Structures are given as C-alpha cells and as structure tokens.
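Residue numbering restarts at 1 for every chain, and letters A, B, ... go by the order of the sequence lines. Remember, it's a predicted structure, so these values are computed and weren't measured experimentally.
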There are 2 protein chains.
Amino acid sequence: MDARETILSTAMKLFGEKGFEGTSVRDIAKAADVNLAMISYYFGSKEKLFEHVVDYKSSSIRVVFAELAKSSISQIEKVDKIIDSYVERMFTNPQFHHLLHRELSLHQRPQMHDAITEILLRNVVTITGIIQSGIDSGEFKEVDTQLTIATLIGTINHLLISESMCRKLLHKSKDFNPFTSKKLKERVSEHLKQLMRSHLLINNKS
Amino acid sequence: MDARETILSTAMKLFGEKGFEGTSVRDIAKAADVNLAMISYYFGSKEKLFEHVVDYKSSSIRVVFAELAKSSISQIEKVDKIIDSYVERMFTNPQFHHLLHRELSLHQRPQMHDAITEILLRNVVTITGIIQSGIDSGEFKEVDTQLTIATLIGTINHLLISESMCRKLLHKSKDFNPFTSKKLKERVSEHLKQLMRSHLLINNKS
DNA sequence: TTTGAAATCAAACAAACGTTTAACTTTGCG
DNA sequence: CGCAAAGTTAAACGTTTGTTTGATTTCAAA
C-alpha cells in the first residue's frame, strides 16, 4: 500500500476514534509511519484530508436500493433485505459511521454537514417508497413512515456508538467484541425483522 | 446568574455544539462574557470544567424509574410512561445528549466514558425488569429485551442528532425547529408507543 | 549514465492552545 | 473604617497546532 492510501486509512481510523479536532496531523503521520509533510503534500490540508476520507469511504459503502424497490417480492421481504444490508454495512464500518454521525451532531463544518446529510439520506427516499407502497396495497398498517426509518437506523446506530456500552447492555465479558461478532449481527437483524413485521404487517401471527 | 453558573451553562452549550476539542476555553470565556482566567479559577482546568458540566446536568436529568416498576399498572402502561419520560428528557436537553453520546463514541477520556456509561445505563436495569416481568406474566411476547431497549433509545437519539437532518427526514421547512416542536415530541411518543405495543403485546389488535 | 519530476525529509513558521502569574478591585465581616 | 478573602483582570508562559520551506533522495525514462 502506498503512502497516500496508508494516510487515508489511518486518518479514517483516528478520526473515527478520536474525532477530527481530537486528532492532530502529527498523530496521523506517526501512526501511518510517514513524514508529517506528506499529508499537506498529498491532500493540501487536514480539512481536505477529512473530505477525502469521507468521499473515499462513502463511495465504498454506497448501496443502491433502487433496483430492490422494483423487484417483484413482497414489500415486507424488501424491508428484510434492507435490514440485512444496513446491518451488514454498519457493522462492517463502525468507525466510519461514528465519524459520520458525530460530524452530523457538530456545528463545525457546515458544508461537510450537508455532504453527510446527503449520503445518509440517499436511500431514505427508496425505503419511504417501499413502506408507502406496502401501506397503499394494504399489506402494511398506516404507520408513521418517517419515524419507522428513524427506528431502523437509530437502533443499529445506538448499538455501535460504543463497544464497552454495547458490552454492558448485553451483559457480555470484556473479551467479547460487539463490532466483529457475527452472532450479534444476526441477532440485530433478527430483532429488527421481527420488530418490523409486528409493526408493519396487518394480521401478523408471530 | 453568577459567573460560575454562566460558565457552566455556556460550556454546556458550546461543548454540545462544537465538541470538547472543538471548543477552546477562550470561546467559552468570550461567549460567557467573563475573563479567560475565571475558568481556571473556578474549575481548575478545561477537562475539570467538562466533568462539572456532566455532573451538573446529569443530576438535573436524573429520573428514577424504580418506583414506577413497583406500581400496580400493567407492564405495557409502564412502558408507555417510560417512553413519555425519555422523549421529554431528551427533547428538553438535546445538546446535552449530543454531548453524552458523542463522548461515548470517542476514545479520548476513558474515565469520562465510564461515567457516562453509568449515567445512561442507570435505568436500563429497571426497564429490563419491566419487559421481563411482562414476558414472564404472559403479557408480552418473548422478545429480545436488550435490543428492544436499544430501539427505544436509538430511535429518539437518531432524531436528535442533527436539526437539519431531522428537518429533511420529515420534509419540513427551514423555520421548523425539531427540538422545540411539541407536535414532533408527541408524534415520536405516539410512534414508539404503537411500535412497542405491536412488538410486545400478544393478541394485539391495532 | 544522465536527467527531471515525484517523493520524502528535518527543520522552522506563525497562530492558537490551556494554563499561570501578579496586580488590581470588590465584597463582607469585625 | 480596616482588612483579609474572594473575585476579576491583562499579560505572559510554554506547548501544541496546522502548514510551509528548502534540501535531499528515489526512480523511471531518455
């Protein structure tokens, strides 16, 4: 891996763990084992580096649900697939999602704020459409579509906020790593699917 | 209001908006209209000030559910009351909850991390007990108790992460302030109550 | 082997940072 | 009033910050 990519992935990790302001360019240079000046050389500035990290990673997590919406399976099965996809994505890149959500909660870089809003809202339109279709066709109850989406994303996000918090909530020992646990991933998927079936389906028998 | 309290509430606001590292003591002094040295004089250091803010505010949001658990209403009604209480608390202090959750997602101040974990987990035991009682008595389905709690808190938290994000999710105009909207608060309460009734109750007819 | 652009480096820069100092003012009690 | 404690101030402290400089090395094409 060349210096440029090493800097990018190291910066992602440190920004995710310690925040943008909490990470100095010297921290990054030392952790990436490159000279301090290489960061300015490749990216221009610390803030530009941050933007590159977000661009770089957000393109890699881009999942398009548009085709899913058009497929011929039932709406609740589409919801299942969206849950699997979100859980997979967020458990695979927990640090990056920390970074995105933390940046959203800050009033520091308005243009970064807008860019991240756009990334996170990218699929909301599609999901809204799926739930609305279910309601219109009589498959789903008349739920609050927008808050239902908040529940989906918020549940996963809350579990990923902190490793130790998650461990304590689940009464797990210190050697349990929530973020890499396949079992937990499946458990979260299962919980959300059951939750959404109860919440959405009419005449649900579970 | 005396200087000490002005510093505390100003620091709360700025830490909430810009983060701990993103806020300088000079920012706080200027916004609070006090001399820079007053912060060291009253609190010793920036980090100690931060701890005072967390202590100060966390004591004011302390809600004890223990008595609720013992009351003689049905378990689902207890869940309703917990939802109302959480929604009220988090919508009343959104900045402070930003601060808590952001600090949880950082690897910067381990002892602050532990203190906040303790604050946030304070009522989880009680809620777990209520849901478990409902399951044992046959009132509730055998759900995943711990992830159900994550859904409750995570949903509210996700809506409060960002004003503008929330506005866009709900398709509201720029003059709509999600954090002070009584309507939104009631809408979130209503959504969560319906969600939990469908999720928890056996033979639910709604 | 020569050459020139790309890559890397140690060193230095000014600005911002958290904190401390020492002098000054206000306050409340004897 | 007298005076000590508490409150307040401007200035300065040393460190860390992001960034830039100019010299040096690397390395593939000529």
Problem set entry | Inter- and intrachain pairs under ring pair (Phe, Tyr, Trp, His ring centres under 6.0 Å), touching residues 105-130 of chain A, at least two apart | none
Exercise. To the nearest angstrom, how far is Lys46(B) atom NZ from dT17(D) atom C1'?
Worked result: 13 Å
Distances under 3.5 Å between protein N/O atoms and the N/O atoms of nucleotides 22-29 of chain C, please, pair by pair.
none

For this session: Please state whether the rings of Phe20(B) and Phe50(B) are parallel, tilted or perpendicular, taking 30° and 60° as the class boundaries.
Result: tilted
Exercise. Between atom CD1 in Ile39(A) and atom P in dG18(D), what is the gap in whole Å?
Worked result: 9 Å
Exercise. Is it true that Arg109(A) and Glu47(A) have a side-chain N and a carboxylate O under 4.0 angstrom from each other?
Worked result: no
Problem set entry | Test item: Val25(B) and Leu49(B) side chains (from C-beta on) under 4.5 Å apart, heavy atoms | no
Exercise. Going by distance alone, is a donor N or O of one side chain under 3.5 Å from an acceptor N or O of the other, for Glu88(B) and Thr92(B)?
Worked result: yes
For this session: To the nearest Å, give me how far apart CD1 (Ile7(B)) and C1' (dG7(D)) are.
Result: 11 Å
Would you list the protein and nucleotides 13-16 of chain D atom pairs, both N or O, that sit under 3.5 Å from each other?
none

For this session: Provide, to the nearest angstrom, the distance between the NZ atom belonging to Lys30(A) and the C1' atom belonging to dT8(C).
Result: 18 Å
Exercise. Can a donor-acceptor pair be found between the side chains of Gln108(B) and Glu21(B) at a distance below 3.5 Å?
Worked result: yes
Exercise. Given atom OH of Tyr42(A) and atom C1' of dT20(D), what is their separation to the nearest angstrom?
Worked result: 17 Å
Exercise. Which part of the nucleic acid does Phe43(A) contact within heavy-atom distance under 4.0 Å: base, sugar-phosphate only, or nothing?
Worked result: nothing
Exercise. Does a donor on one side chain sit under 3.5 Å from an acceptor on the other, for Ser198(B) and Ser198(A)?
Worked result: no
Exercise. Should the pair Lys81(A)-Glu77(A) be classified as a salt bridge under the 4.0 Å nitrogen-to-oxygen rule?
Worked result: no
Exercise. OP1, OP2 of dA7(C) versus side-chain N and O of Asn35(A): anything below 4.0 Å?
Worked result: no
For this session: Take Leu36(A) and Tyr41(A), find for each the nucleotide of DNA chain C with the closest heavy atom, and name the residue whose nucleotide sits nearer the 5' end.
Result: Tyr41(A)
Quick one: which protein N/O atoms are closer than 3.5 Å to N/O atoms of nucleotides 25-27 of chain D? Pair and distance per line, please.
none

For this session: Would you mind reading off the distance between Phe50(B) atom CZ and dT19(C) atom P, rounded to a whole angstrom?
Result: 14 Å
For this session: Provide, to the nearest angstrom, the distance between the CD1 atom belonging to Ile28(A) and the P atom belonging to dT17(D).
Result: 11 Å
For this session: Could you please spell out the steps behind the side-chain contact (heavy atoms from CB on, under 4.5 Å) verdict for Phe43(A) and Arg4(A)?
Result: CA-CA 9 Å; Phe43(A) 301 100; Arg4(A) 216 190 104 98; 3.8 Å; yes
Exercise. What integer distance in Å separates Met38(A):CE from dG18(D):C1'?
Worked result: 17 Å
Problem set entry | Sequence neighbours excluded, every pair satisfying ring pair (Phe, Tyr, Trp, His ring centres under 6.0 Å) that has a member inside residues 174-195 of chain A | His191(A)-His199(B)
Exercise. Among all residues two or more places apart in sequence or in another chain, which pass the side chain to side chain donor-acceptor pair (under 3.5 Å) test with Asp136(B)?
Worked result: Gln132(B)
